[in-house]
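Note: hydrogens, waters and symmetry copies are ignored here, and every other heavy atom, side chains too, is used.
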Amino acid sequence: QVPLVESGGGLVQAGGSLRLSCAASGRPSSTYAMGWFRLAPGKEREFVATISRSGSNTYYADSVKGRFTISRDNAKNRVYLQMNSLKPEDTAVYYCAAKATWDSITIATITHDYDYWGQGTQVTVSS
């Protein structure tokens with residue numbers, strides 16, 4: 001098990017910024033590719049961003065590319081999602097996820113590729 005705990009969500013005005021954090025415990029997060037997903041009311045869970053074990057490989061959904069940045073600090077067992085230029089359509093519960101991998105470059109964009117999930121943190125962007 002890899003308990004994941006998200007934090008940093010909140011209410012922000014459109015155009016503002018938030019930084020989400022995901023803390024992993026148990027096995028070192030450096031053994032996992034990590035991802036962020038979001039779930040908005042009435043919609044399916046949506047891929048946001050992913051980062052490889054080493055941090056050398058990242059990938060973003062088109063809807064957030066250029067506005068969001070995923071990063072990780074393996075020494076602290078943390079993954080971050082810096083969200084800038086937020087829009088009302090970014091409103092959702094944001095989830096951190098971990099995928100066990102054997103190499104340093106694997107990333108994943110599909111929900112069922114991930115092994116562990118956090119409980120989520122609410123992000124609300126007002127217009």
**Q** Under the 3.5 angstrom rule, does the side chain of T50 hit a backbone N or O of G35 as a donor-acceptor pair?
**A**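 A pair under 3.5 Å: no.
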
**Q** Provide the closest heavy-atom pair for F47 versus A61 in the form atom of the first, atom of the second, distance.
**A**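 Of all heavy-atom pairs spanning F47 and A61, the closest is O-CB, 3.4 Å.
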
**Q** State, to 0.1 Å, how close S17 and Q82 come at their nearest heavy-atom pair, and which atoms those are.
**A** CB-NE2, 4.0 Å

**Q** Any chance you could measure I107, atom CD1, to Y59, atom OH, to the nearest 0.5 Å?
**A** 7.5 Å

**Q** What's the separation between atom CD1 in I51 and atom OG1 in T58, rounded to the nearest 0.5 Å?
**A** 6.5 Å

**Q** On a heavy-atom basis, which atom in T121 and which in G9 lie closest, and how many Å separate them?
**A** OG1-N, 3.2 Å

**Q** Measuring from L39:CG to Q122:CD, what's the distance to the nearest 0.5 Å?
**A** 9.5 Å

**Q** Does the distance from a Lys or Arg side-chain N to an Asp or Glu carboxylate O, for K65 and D62, drop under 4.0 Å?
**A**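 Salt bridge: yes.
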
**Q** Under 3.5 Å, is there a donor-acceptor pair between the side chain of D103 and the main chain of T106?
**A** yes

**Q** Check whether any side-chain N or O of T91 sits under 3.5 Å from a backbone N or O of P88 as a donor-acceptor pair, and report yes or no.
**A** yes

**Q** Take T69 and L81 through the test side-chain contact (heavy atoms from CB on, under 4.5 Å) and record every step on the way to the result.
**A** CA-CA 6 Å; T69 302; L81 185 68; over 6 Å; no

**Q** Do R53 and Y32 meet the cation-pi criteria used here (NZ or CZ under 6.0 Å from the six-membered ring centre, within 45° of the axis)?
**A** no

**Q** Indicate the atoms forming the closest heavy-atom contact of I70 with M34, along with that distance.
**A** CD1-O, 4.2 Å

**Q** Say you draw a straight line from NZ of K99 to CG of D115; how long is it, rounded to the nearest 0.5 Å?
**A** 6.5 Å

**Q** Between D90, V123, V125, V48, which is the residue that forms a side-chain contact (heavy atoms from CB on, under 4.5 Å) with M83?
**A**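 Per the side-chain contact (heavy atoms from CB on, under 4.5 Å) rule, the option paired with M83 is V123, out of D90, V123, V125, V48.
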
**Q** Donor-acceptor pair, D73 side chain versus R78 backbone, under 3.5 Å?
**A** no

**Q** Of all heavy-atom pairs between S54 and S104, which one has the smallest distance, and what is that distance?
**A** OG-O, 3.0 Å

**Q** For S52, is there any backbone N or O sitting under 3.5 Å from a side-chain donor or acceptor partner on R72?
**A** yes

**Q** If every non-hydrogen atom of R38 is compared with every non-hydrogen atom of F68, which pair is closest and at what distance?
**A** NH1-CE2, 4.1 Å

